[in-house]
Each structure stands twice: as C-alpha cells, then as structure tokens.
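The analysis underlying the following values was restricted to heavy atoms, covering all of them including side chains, and did not include hydrogens, waters or symmetry mates.
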Amino acid sequence: MMKSFSYNANVASVALLLLLALMSTTSSAHLSSTFYNKACPNALATIRKSIRTAVSAERRMAASLVRLHFHDCFVQGCDASILLDDTATIIGEKNALPNLNSVRGYGVIDDAKAAVEKLCPGVVSCADIVAVAARDASVAVGGPSWAVKLGRRDSTTASKTLAESSLPRFLDNLESLTNRFAGLGLNVRDLVALSGAHSIGQAQCFTFRDRIYNKTSDIDANFASTRKSSCPAEANVGNANLAALDLVTPNQLDNNYYKNLIQKKGLLASDQVLYSGGSTDSIVSEYSSKPAKFNADFATAMIKMGNINPLTGSNGQIRRICSALNY
C-alpha cells in the first residue's frame, strides 16, 4: 500500500513539474506591449522619432515600412529574417523575386536600431523594430494606431525559397490569396483589411501592365488610360516605372482604396479580385462607407499578423546589426 502511495505521489509530482514547465514555456511565448518598459523605457519613443524623420523626408517610405513588416511575417514568422544579407551560409530573402528591387526601408530600420542600441545595447530586437516601425509609419500618414505586442527575437536563418513560395503575388486570384492568408491563421476579413495598406505606396509597371492593356480586363477605362502614360505596352520597357496605387489620396492610409475597387480602379489584379462578385465584396463595401470600421479592423489584423510564429524566450538572438548574425 505504501509503495503504491509513494509511486502515485511521485507520478503526481512529475506531472506537476511538467505542467509548470509547460505553463512557463507557453507564457514565455506571449508577446506584451509592455515588454521593454523596464529594460529599455525609451525604446518606442526613439523608434518613433526615426520613423517620423524618414517618412517626413519621403512619404512613400510609410508604405514601404508597412510592406516590410508584411513580407517579414509571411516568411517563417515575424523574425526579421528579411533583413539578413546573403553570406556563405545564408541565402537571404532580400533577393527573392517578390522582394528584389521592390522591398525598401532596410536603411530606416538600421538607423532606428542604431539609435536604440545607443540607449540599450543588445536589448531591443530587429523584429520588434520592424513591427513598431509599421505602426509608426501608419500613424505618420494618417492611418490607424495600435498597441504593438513586443518580445520577439531575431532569427538566425532566412529562406529565399519560402519567400518565393509564400508571399502573395500581384496576379493571385481570390482563392489563392485566401489560402495564403489562412495558412498563417489570418481570415478573409484580415485579408481585406490588410490589403487596405495599398491605399498608400506605388507599384511598378510590370505588375499592372497586363491589366491596363488587356482589352478583356474589367478595369475602368479612364483609370487605365492615365496609367499608360508611364507604363509602355512593350514588354520589358519601363518595367520599373512607378504609379500610385491610389490616385485620390496617394499619401494617406485611408479607406479610399475600397472606394477605388468598387469603381473598378484597383491597379493590381490581386487588389481588384477583392471586389469582383466574390465572397469579399460585402467587406469591401463595408469598409468603403465606414472608415472607422476599416481603421479598427486594420489595426486588429496588423496585431494578428505581428503574432505569426514569433521567436521568444531563448530562441533566436537579439542581433546587434539587423543585416547580420551575432558571432
């Protein structure tokens, strides 16, 4: 009887220890908006100053910083893997097709990191700086704000292959977009809300050439005509020429993007599919007439996206320089 009691007690003790260990692991994986309050209390203000300076110098940078966060999170999670340069042992994501000569803002993140390092060396991760920069960029151009959850660590790996297979494409149909987002825990409303970031920024000619010259396209004829002046029909001519995604308020993050879609003025095919007789039409209509709802849902979706597979606890590292691993 005593042996049985002793055995059961030992089993219970082991089970309790395992439960406590699991609870500890689970808790450490949670991000928190107050993560740096004690370790680096001026971190967020310092990052905000850097982002405001960059966006004041070039309004387009706001769109680039939001996009940088998006392209980071969609490839192995929000871990700053997109910032790593190629080395003898790492094939980075910067040269992946969706990012090459397209993703921008690396220097802005480097400047913010350098400023924070002067305050609190080795404390604030590059992944968190990218997340905070996206929020601050949104605010700088009249978009919504949100409480950024913090505590991410930086990856020691990157994946060009995953970047080329996971990131949305400008020709994706609604099913493809929905599946890409669902694979990362984002629902259809998140998809439509996050796409609203295309109310700012610009697109390169090669991404919309077929849409403005294709006679079977549903694009508004006058809208297409305005884009032809800077985007020649000839293949590989003027490929990098830029056009604003939104002609009305190109430097303000607002709900005008959705009004454009209803008028068939989505510049990219992957934008217009959100309002083309499918399941997302009603959400587009809602956001077009309810800017406060768009702002709220955009903020919610950015928080959800920022929580995709973060490295926490002892995983990863806090890079001293965002483009290179610590050695």
Q: Tell me whether Ile321 at atom CD1 has more than 12 heavy atoms from other residues, nucleotides or ligands lying less than 6.0 Å away.
A: no
Q: Check the surroundings of atom NZ in Lys149: do more than 12 heavy atoms from other residues, nucleotides or ligands lie under 6.0 Å from it?
A: no
Q: Could you measure the distance from the OG atom of Ser50 to the CG atom of Asp111? Nearest 0.5 Å is fine.
A: 6.5 Å
Q: Is the count of non-hydrogen atoms from other residues, nucleotides or ligands lying under 6.0 Å from Lys49 atom NZ greater than 12?
A: no
Q: Can you tell me if CG on Asn187 sees more than 12 non-hydrogen neighbours from other groups inside 6.0 Å?
A: yes
Q: Heavy atoms only: give me the nearest Ser230-Leu242 pair and the separation to one decimal.
A: OG-O, 4.1 Å
Q: Please identify each residue that fulfils ring-ring contact (aromatic ring centres under 6.0 Å, His included) with Phe170, with sequence neighbours left out.
A: Phe206
Q: I'd like to know if the side chain of Tyr213 pairs up with that of Arg227 as donor and acceptor (distance under 3.5 Å, no hydrogens or angles considered).
A: no
Q: Are side-chain N/O atoms of Thr249 and Asp246 paired as donor and acceptor at under 3.5 Å?
A: yes
Q: Tell me if the CD1 atom of Ile308 is crowded by more than 12 foreign heavy atoms within 6.0 Å.
A: yes
Q: Step by step, work out the side chain to side chain donor-acceptor pair (under 3.5 Å) result for Arg211 and Ser270.
A: CA-CA 10 Å; Arg211 180 157 165 73; Ser270 56; over 6 Å; no
Q: We want to know whether Ser165 and Arg180 form a side-chain donor-acceptor pair, criterion being a heavy-atom distance below 3.5 angstrom.
A: no
Q: If we count only N and O atoms by modelled type, under 3.5 Å, do the side chains of Asn173 and Ser176 hold a donor and an acceptor together?
A: yes
Q: Does a side chain donor of either Arg209 or Asn214 reach within less than 3.5 Å of an acceptor in the other side chain?
A: no
Q: Quick one: do the Thr34 and Ser32 side chains pair a donor with an acceptor below 3.5 Å?
A: yes
Q: Could you tell me whether the side chains of Thr156 and Gln317 share a donor-acceptor contact shorter than 3.5 Å?
A: no
Q: Is any side-chain heavy atom of Thr300 closer than 4.5 Å to one of Trp146?
A: no
Q: Can you name the salt bridge (Lys or Arg N to Asp or Glu O under 4.0 Å) partners of Asp254, sequence neighbours left out?
A: none
Q: Assess the side chains of Ser159 and Glu93: does a donor N or O sit below 3.5 Å from an acceptor N or O?
A: no
Q: Check for me whether the distance between the ring centres of Phe74 and Phe181 falls short of 6.0 Å.
A: yes
Q: Return the orientation label for the Phe294 and Phe298 ring planes: parallel under 30°, perpendicular over 60°, tilted otherwise.
A: tilted
Q: Not counting sequence neighbours, list each pair that qualifies as a side-chain hydrogen bond (donor to acceptor under 3.5 Å, both in side chains) and has a residue in residues 52-64.
A: Glu58-Arg104, Ser64-Arg104
Q: List the steps, then state whether side chain to side chain donor-acceptor pair (under 3.5 Å) holds for Ser225 with Asn222.
A: CA-CA 5 Å; Ser225 180; Asn222 290 331; over 6 Å; no
Q: Any idea which heavy atoms bring Val75 and Ala163 closest together, and the distance?
A: CG2-CA, 3.6 Å
Q: So, is the end of the Lys94 side chain (NZ or CZ) under 6.0 Å from the ring centre of Tyr106 and within 45° of the ring's axis?
A: yes
Q: Hey, are Asp128 and Arg152 close enough for a salt bridge, meaning a charged N less than 4.0 Å from a carboxylate O?
A: yes
Q: Give, for atom CZ of Phe208 and atom CG of Leu267, the distance between the pair rounded to the nearest 0.5 Å.
A: 5.0 Å
